[in-house]
Each structure stands twice: as C-alpha cells, then as structure tokens.
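Heads up, the thing below is written out as structure tokens.
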Amino acid sequence: MKAQKATGWALARAFSSASSASILQPSGSAFPLKTVTKANFEVSLAELRHHVRASDFVAIDLEMTGITSAPWRESFEFDRSDIRYLKVKDSADKFAVVQVGVCPFRWDSATQLFVSYPYNFYVFPRQELAGLGPREFLCQTASIDFLAKYQFDFNACIHEGISYLSREQESEAIRCLNSANDCEWLDEDSRFGIKNVKDIPSVSIADVLFTERMKNKFSEWRDGLFKEQDNEDKIQRFSEDSKQKVEVIFYKMRPALRLCGFTSHQLKLIKLVVRKHFKDLFYVSKDSGLQDMVVYTDSRDELKSLLKEVKDEQQREAEMKIQAAVGFRHVVDLLSSEQKLIVGHNCFLDIAHVYSKFIGPLPRTAEEFVSSVNKYFPYIVDTKILLNSNNMLQTRMKRSPKSLASVFSLFCPQIAVGFKSSDLSSLSSMKVEVQVNDLRSSSWNPGGKHEAGYDAFMTGCVFAQLCSLLGVNFKLDDSSQHLALSDKIRKYINLLYLSWLYGDIIDLNTGDKVADFGVHNLKRQRQNIVFENVVLIWGLPLKLKTSEVRDCITKVYGPTSVVSVYRLDETAVFVQLSKTELVSDFLSLKDTLERPGSPLLVIHPLAKLLEGGNTRAAPYDTYKEICNSPLSEVLFADQAKAVGIKWKTKLVEHKASLETAEKTEPTTLDQLRNAESHDQVSNNEIMESFCATEVNQVKTAHL
Amino acid sequence: MSLLLQRRFLCTKVHKKWKVKQVTKSNFQESLKQLETHLSNSDFVAVSMEKTGSFSASWHRVLPLDTAETAYCKARHSAERFQLLQFAVCPFSIVDSKKFIANPYNFLLFPRDDLRMGMPSYSFSCQTSYLTSMAREGFDFNACIYDGVSYLSRVQESKAKTQKGNYTPLNVNKSTSTSTTADAIFVERIKSRIKHWIKSCEKCGKSTSKDDVLLTSLRKIVMGSEMLGSRHCLTIDVCSDRQVQLILEMLVNFDNIVPLLVPGKGNTALAICLVLTKSKEDKVLFERERQKLEEEENKKLRGFREMIELISASQKPVLSHNCLDDCAFIHSKFIAPLPSEMNEFINSFRSVFSHVIDVNHMMKKFGAMGNVSSISAALSYLKNHFFTSVDVEIPDQATINEVKVDGLDALRMCYLFMKICSILKISPCVIETGNKHVAPELQGSTNVFHPWTTDSKELVDESISIWANNTRKVHCEHVVFLWGVQFRITASTLKNLLQESHGIFSGEFDVKLVDKDCAIIVFWQPGLSEAFLNAMSSDQISGLLRELVSNGLRVASYDTYRTVCRLGMWEVNLSESLDRALEKSDREFSNTYCLNDNVINLDNL
C-alpha cells in the first residue's frame, strides 16, 4: 500500500516537473476546472479521494436555489442569535444545493507553491428511490435570476446533476427496505405477490379460459420434467405461442419458465393458477416485475431455500441501488473522514446546507447543531473571520468591498489574472498552480465568478495568502502537523459568522456566541438590544410610517420611552422600549383599549396604531415562534396568521402584575395564563387557545 | 387493412413533423400580434402548461373521494406553491369534422422580478420528479430562465402601478377647505412663476438665432425649465399634498398646461411637472401621447399576461386537459390570489374565461378502463379502439426552424378533442342565427371544477366516489377515515380485522387505502357511520375494537377531512393531518363548551 502511494507521488512529481517547463507559456484558455456531472462522477471521486488525502486544506463553496424564503426572513439587526440560527435553518431546510465547489490545496515543497485541484460538482436531488416520498425544494426567484446572470447551466444541473442521499435518508431507505421485506415474507399471501384473492374482480369467461389454458400448460411442463427424453419436444411446442412467450430456463439450478409478453392482468391470473393448483411451482418476480418466471421446486425445504435466495438477491439489489443513490454524499463523507481543514468564505450557511443535505435534518437549536457539526467536521475556518482578525489585515482591507472576488483580487492579484513568470515582485505572495486531469497550469484567464468551483479556488487562495500574512510558514514543510493546529491560526478555527452583517460569531467548539473581536468600524458597532424590552407589532394600518409608530407610543409613555423602532417589513415593526415593564404595560393597555365598547379607543393616542382593527402585538418571544414555523408567507402579518395566531395581543406576566392584580379584577383565567406563560414552545398551541378563550371571555363579559 | 396501417403510420409520422412556434422574451411582442389575428379567426383555443410540481404526498392530489370543496382546496394549495414554466397555446379553427387548422405557440415563462418588487413571485417550489421528467422530454431550462417571459397578475399590476408610480395625469378636484394666507401667498408665487415661464417660452419659440442657445440653457438653469419632447415643461417641487392640491386648482386658469405628478416614496408626490402645450389641439394630442405611453408601459408590466387577456377578450372557448388544476393556476398567477371559497373562485374565473372545456372529462364518456389521464395515453387508447382520421393543417410550419420542439401538448389536445368529437359524432360548433356556438353536447364537459363528477347535481348533494373507475357513489356523511392500525396494512386485511372487531361491520362496507397508513371506510347503509363513530367514543367499547383502539386506532368523520383541507394542514401522511385537525377541534370544542354564546366569534378573532 505504501509503496503504491510512493510511486503515485513520484508520478505526480514527474508530472509537476514536466509541467513546470510549460509554465512560461501563458495559455489563453479559460480557467482550468474539473466539471463533474453524473457521467464522470465515479472516476472523479476516486481522483478527488487521492487529492484530498494528500491535501493540507480543502476549500469549499456552494451555490443554492435561494437564501431567504420570505423578505422578513432576511437577517436583521433585531434578530437574537437563536433567531439568526432559525433563519439559517429555514434557508437550509428549504432551498436546494445545485453546485458544490471542492478544491483541495497541497503544499508542494519541491516547487515551493500550492497545488490546487478545483472541482465543480453539479448536484441535483433527483428522485432515485421511490420509497422516500417526493423531493421538493424552494427556488427564490431573485437567486435563480442571479445564477442566470452568471451563466449558471441549469440544463447541466437538472439533466446531469449528481444526486445524493443524506445519512438519515440512507438509513431511512434501508429501514424501509427491511420492513418491506419483513412484511412481504411474513405474509403468505404477499409472498406470492397477491394481496387477496378477492382483489381480482369478477372473473370473465376469457379469464377462465386463459386460466385453464395456463394450468394445462404448467402441468404439462411439470409432468414433462420427469420424462427426460420428451423434454426437448415439449418445450419447443410450448414456446411457439404467438406474442406471448414462455421460455425454459434454469433459475438457480432449478428448471423454470420465463414469462414474456403477458399483460399484468394475465400475470396476476398466472400467479393465482400457480398458487392454487401447484404445490411445487413457485412464482418469482425479479427486477421489480421486469422478469417474471415460474420455478419448479421438488420439496418444501427446497422452496424455503429458494425463497431465501431470491430474497437475499433482491435485498442485495436494493442495497446496491441505495448505495448508488448516496451519490454526491460520498464527497462529503470523504471530507468528513479525512478530517482535513475545511475552508470557506462566510460559510455558516454553507455548512448548514452541507449538514441538512448530507447528514440529516438540522437540529432545533444552534447549540445542538454546533456540537453535531463538530463531530463531522472538526476543523473549519472562515476566511472572513481571518480578514477581521487583526489590524494589519483590516488596514489592508481599508474600505474595499468585502465580497470574495474583491478580497481575492486585493490579496492575490497575481493569481487573479494568472501569474506570469516575470511577475515575481511581491515575494510575500503565495504562488498557486492549478492541476486538472494531471495537467498543471500556472496561467489562466480569470474564471467565472459565482461558479462554485472557481469560488472555492479563490477562497483557498485567499486563505493561503492570509495564512502567510499571519506568519504561517509553509516552507518549513512540517507536514506532520495539521494546519489547523498551527499556533498562528489555531484561535480562528471553528469560529463562524452567524451573521456577518451584525458581527455575531459562533464558536463551533463550544456553541458559545463570541463578540466580534475584530477592529470595528463605528458603523457596525450596534447598540445593545435588550430583547426583553422589545414589543413586536404587526398588522399595522398600511400607510403608517415608522416615525408615526414612535410618536404614538411616546405620546403615551413619554418622550424617552421608545429607544428605537425597527421596520421588519411593511406590515410589522419592532419597538424597543426603555424599560421591561413598559412591554407588559403596552400590551395590556392595547388589550384594554380593544375590548368591545371601550370608550377610550377613539381619542386615545394609540388609536392611530390600532386603526383597522388588525394590529397585533406580542413580546419578542413570539417572533421566535413565528420564525420557527416551516411556513413562509411573503408578508409577516400573513405569516403570523398562517402560523395560527388568533389572538390580538399576547399579554406577559411581570412581577408587578401579581401585585396589582387586585385592581384589575383578576379572573381565574388570568392566573391560569400567568402560570401557562412559563411554558415554552411546546405548549404554545395550548397557550394560544387559552389566550383566545380568555380574550373571548373578556369580550362576553363586556357585552 | 393496408389503408388502416397506412393511416396509423401517417398518424405517428404526423406527430413528429409538427412544429410549434417557441416564444421567449425576444420574440414575444411580435408573436403576440400574430396570435391575436389567429385567435380572432379560431373557433377554440387549447391551453396546456408545464408546472414545477403538483402534490407533495399522494393524498394531496385530487382524489375521487374529494368533494368539490376539498378538491378546490387541494388545487389551490398546489397552484399557490408551484410555478408555471411553459404555457402552450393553440388556437384552432374547424374546417369540417375531419380537419382543423391549428396555430400552436409555446411560451416559455419565468417569474423574473423585473421591477425589483418581489413580484410576480418571491419564491416557488419545485419537485425534482417534475423537473427530471421535463428534462427527459428535452425541456430547455436555460432558455426558460434566461429568456422566459415574465408577467404580473391583474392584482399585481395595479399594486405595481401604485408602488412604482408614473407620470400620471391628475384630476383637479375642488377642495372645500378654506385657504389660509400662507396658501394664498404660495399660490400667487407659483402663479407668477408660471406666467413668467410661459412668457419666456413664447419668446424663445419666436427667436431662432444662435445666441439664444446660450440664453436658453441659462434659462433652463435659472428657471428649471426643461423640454419634454418638443414641449416645454417646468418642474415645481412640492412638499405636501396640500401644495399639490393648491397648484392643481390654480392651473385651471391655464388652458394649455398639463400637469404631471412626479411621485416620491410611498404615496407622496415629489414635484409637479407642468407641460406647456402649444394649443388646445396640441393639448389633446399630448394627452393622447401620454395615454399611449402609459399603455406601452402597462404592456411591459403585464408581460405574458397580455396573452391571457387576449384569450379572455376573444371569448373563445378554451380547451384544457385538467380544468380545475389549470384554472387554479391561471387564476393564481395571472388574475388574483385564489380566494378561500370555491364559489368565489368560480365566479371570479368565469368573468375571465366563460367556457373551459375539459378534454379529460370528455374522455370519461368512453368508460375506458385503466389510465387514460394523460393526453398521449388517451390518444393511444382511441387509436387502438376506434378508427377515425383527423387531419391537421398547421399553416406557419415553414417559418419555424427550431430543432428542439416543446409544447406539443396543446396541439395534441386539439387533435384529441377532434378525435373524440368525431367518434362521438359531435360537431363542436353549431351555427345558429349566423353566430357560432359551442355544441350543446359539450356543455357537460364545460367548466368542470370537480373532476370526478359526471353531473352537476352531485355537486350539491356532496356525493363522492371512492374508486376512480367505479360509478357507485356514496354520500360523504357515510364514510369514515381510519388510521393507526398498522403501517402498510392492506385493505383486505384491514377489512377482515374490522369485520371481527364490531357488530357494525356485519353490514355491507368497503375499505380503501388513501395512503400508506390511512384508510377510508364506506358504509353502504345510512346511519352506520355515525353509529361507528359513536361506538368509538363511547365508554362501553369492548372486545377486539377496544384492543385496536388501545393500540392506537383512530377514526374521523368526513368533516374532519374537510377541516384538514380547508385549514391547509398538508402533512405528508393523512393520518398526521387528521390527528392535528382532531386535536384542534377538541380544543375548539372545549372553548365553545365554556362560551356557548360566543361560538361564531372564535373564528373571527
């Protein structure tokens, strides 16, 4: 094994020296990239396996069919980190991955440069196994249009994309297969493929005649089996039938008749005949009904062993099919099992997609997700984190845009255009060559932006360059040490941006949220949001401006009562109040005002807010509940309705409410509600109904 | 015999030769014009669409056991989530019972958000099986996504207009509010500014010397005077609706000025653009120009919907292969969001397309066993069972040179329709007092919004069928949904099990599986379904039935199923959905129990 590897290495060296001769000739061709579809997947996988094993790190990038399933699912300043996770989860749950770029980078100490192997996989979740239910995904129109703008080949993706099963789907498929087998072989009826005799509709004369004919034929054939000499003749005669052919074969060393050209109704009748009239004949349907035959067995035991054989064979076939359906997940399994350092650019969503598509459904909370990801991919690094990690890089970034392509051209200008031999001015810059199909090149035209393979390549180049700027010395060639353990970058490993825009970082090792340690520009330094002080209001009158919402509330609670108002979408706002008590005060005031016949409503300052009678309000946690729903209506107000929120105001308990309970005529339901509101998500539905009841009762009381 | 063979040969040959004009955004406008003339000469128009999916679980599709209402809920659910990528239209005119002239078009659609307003659709679902089968037929997804025609529904168009705003001519409405001194000053100031501007415009119109070029440009800077086409215009910034009103009122005194509103964010105006026309005639001309421009702009907004409007305006009867599904899609994508009530939908849809003939429904007259629900299956069924020859003439074949041809379905549907008519001896068009009418024999298959009914009487009494090929009907009150016995149980095992479990099952009843673990029980004797439901919820439940219930057997009435569909509880397994609905109704029951007099209000909350 080792020797084999060594020769492999030698070969690679030989190739590299051969290609280094051709470095000087700049080729005018497009960026060298290996495009992989289902046609060349097997070969490419074997090749990639080799490259990943030898690599120092692997850069990845994904293209999806969408990012957000509704405008209000975008990332907002007012999102708590658990909600940020829910939004990422929603995105990964709903959208499909259509392209995956995988690019292993290997430090070649002989030539003192990185060799990269960019792969561009077209992926499509084809329906390859029937048992798993239809596969469905969402497309965000804008994202599809965006992909089209960068000449994404949808035909290649849908016609030729590689399918996949997640680990969970695979075990589900195997479970299905096993249970189907169990059922089938337990039940005497279904063993013969007949659910019930009654299933055959009233027998026609034609059926009777056909059945009789087949019965005669089978018995003739079976009897013939014992008279060795006549055999040949009878078979000949037997197969002279017109379109329908019965061919004598041997199935597992037993004489058998292959049935060809019969309709499914006729086959059903044949099954019946065989079962009813012949104890030693047995009906076998292979390749899911493509090949039907009648097999002769001479004893009960032999029948049993035959049954077992057939069953085993079918099981094997089905398993093979499942294995084949695993498809692209083999690549992910490879990355996971090799435990290489995975490099991405702002890659939390990418990792979530990898998890949901190739491992299993995303867990409900970020903490569970993080610990689970850590098991499969112990080392992940985000180039965006590195970019923000120290002053030197920050100043270099200055005010330039932070997109991958611009970072790439800023840090790796010589690679961006494909470096020429003369261009060796900046010694600090890393050199990267590209190898595709054993052909190495060092000059190329820039590749297509937003093509996963090229994006992965860019990410890897940026990472290599950043490492070198951070002081990682590849030249020492300490291949025994995992790159992720290197002192210079160790502290950045497994930190990912939960939200890049608002500087929320999550540590995959611990699940903790980490404050952005980078040097912030002032613009990003956001105010601290106290979520307990936030009220969510939706179903607002259409023309109400955000400033008017603020005015309404400040008129009631004083000019300093509103810290900020944040627009979620055209139907909803967040209002951060100055004190936590104000939240419950506001909600109960709203509730009081909206009781039927309330004389205050017309002249009250809040009237403007409640106009139209569809205004709902709730504390911040309701936002989480609504985000957690698998539904995605375009407008937030519609979403809340679809989630099943029927109440108008969700009251909250706060310490004061119990004390002041005397004044507000407590009802038993009030206390019930207070008790209920401690319960979290699981009891939400019950809670809602309680609230609904309660509001109702209040209404009737006032009528 | 040889003739027949030859005919058959010809038939299959013909299909391969057919060509369909492919329409993308580059040739959309010209194709629309052609189609308009073809439409006016045609008798019928067949439509067929390619969708990105239809149902996510087997029970989500419209089944024989659905009432018209639940069927509509299902169709609505599907139309709201999935997208149309292709819309084939084929107007055709009938020469005689053996020949028709067809003009097939195939439009590629993509809901591109040209206005950046999240319209026509923010996102849509795709089922991979649908996409792969389209791919197998050679559908070009790149052409569709890169060059497909976009559209806006009627409702979206009006929304877009108010949001996007445009130069909209305003109506002057007299205000009744009293004017203040500030208002008066404002009006005077603007008035003098306008007078000054008109004077200078007149002056500049007279002189043509070169020196004036400089002067004009200076004037432009100083006065904000610009040219709109060949006419002078002046932009006056405004900061409130009040000012807009004042200016408009004041403009009544200026005959030749047309005011245009420059919209700002929301529903406010940023400025008023005053256009000076040369004379009364010029003013009329200008207003007409504006109207035309606006019409063009609207056309752009409507996109593909223009075609729907054309068909609607032509009032030609439409052929569809699945009336309910197709109409739900057309309504939701091109007219308005689907209403929650079926009747509302039908009324709204009929105001757009009054006659939709369901060709698949016509096929049912043959009582064909097996699956003839696709156009090709129906065609081959007719080919095997009947001898008819129908010729088709497609005039513009020579001009089409695409190699790949999509969207044959509409054309095939015309062909199928003609064959059915010819076999059933229906002449599709009846000429009556000089006007062409749809034959009365086709009325039965027109506007079939409930695929499994054969006559409209059943719509009212809510009879449902259980089996697709069985005509025996049962009132939906007499069926019960049952689940929780054993995963993947067969109908017959279940039936045997039930027979032993309780005395109610000694009568005639049937069992059919709806999906993997939920079955429907049909009691052919009235009253037994309630008896069974009562038995299930009584304390005296005993014997095997008690055993089954302890093991998780659950039952629900047809009403629960109705609730599931109405509230859109589309879980993968029907049993899951029914469970959820039961849970909900239990809760609502307890609610109504405590608040007897408030039952109705609960839903309004």
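Here is how names work: the chains are called A, B, and so on, in the same order as the sequence lines, proteins then strands, and each is numbered from 1.
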Relative to chain B, which segment of A:T68 carries a heavy atom at a distance below 4.5 Å: side chain, backbone, both, or neither?
both
Can you tell whether the side chains of A:R175 and A:E172 come within less than 4.0 Å, N to carboxylate O?
yes
Pick whichever of A:V634, A:D153, A:T65 has the most heavy-atom pairs under 4.5 Å with chain B.
A:D153
Side-chain donor-acceptor pair present, B:Y122, A:Q140, cut-off under 3.5 Å:
yes
Heavy-atom pairs under 4.5 Å with chain A: which of B:V572, B:T132, B:D113 has the most?
B:T132
Can a cation-pi geometry be assigned to A:R135 and A:Y164, taking NZ or CZ under 6.0 Å from the six-membered ring centre and within 45° of the ring axis?
yes
Tell me whether the guanidinium CZ or amine NZ of B:K495 lies under 6.0 angstrom from the six-membered ring centre of B:F509 and within 45° of its axis.
yes
Is it the backbone or the side chain of B:Y130 that comes under 4.5 Å from a heavy atom of chain A, or both, or neither?
neither
Member of B:S125, B:S332, B:S121, B:S56 meeting the side-chain hydrogen bond (donor to acceptor under 3.5 Å, both in side chains) criterion with B:R81
B:S56
Residue from A:A70, A:S69, A:G66 scoring the most non-hydrogen pairs under 4.5 Å with chain B is A:A70
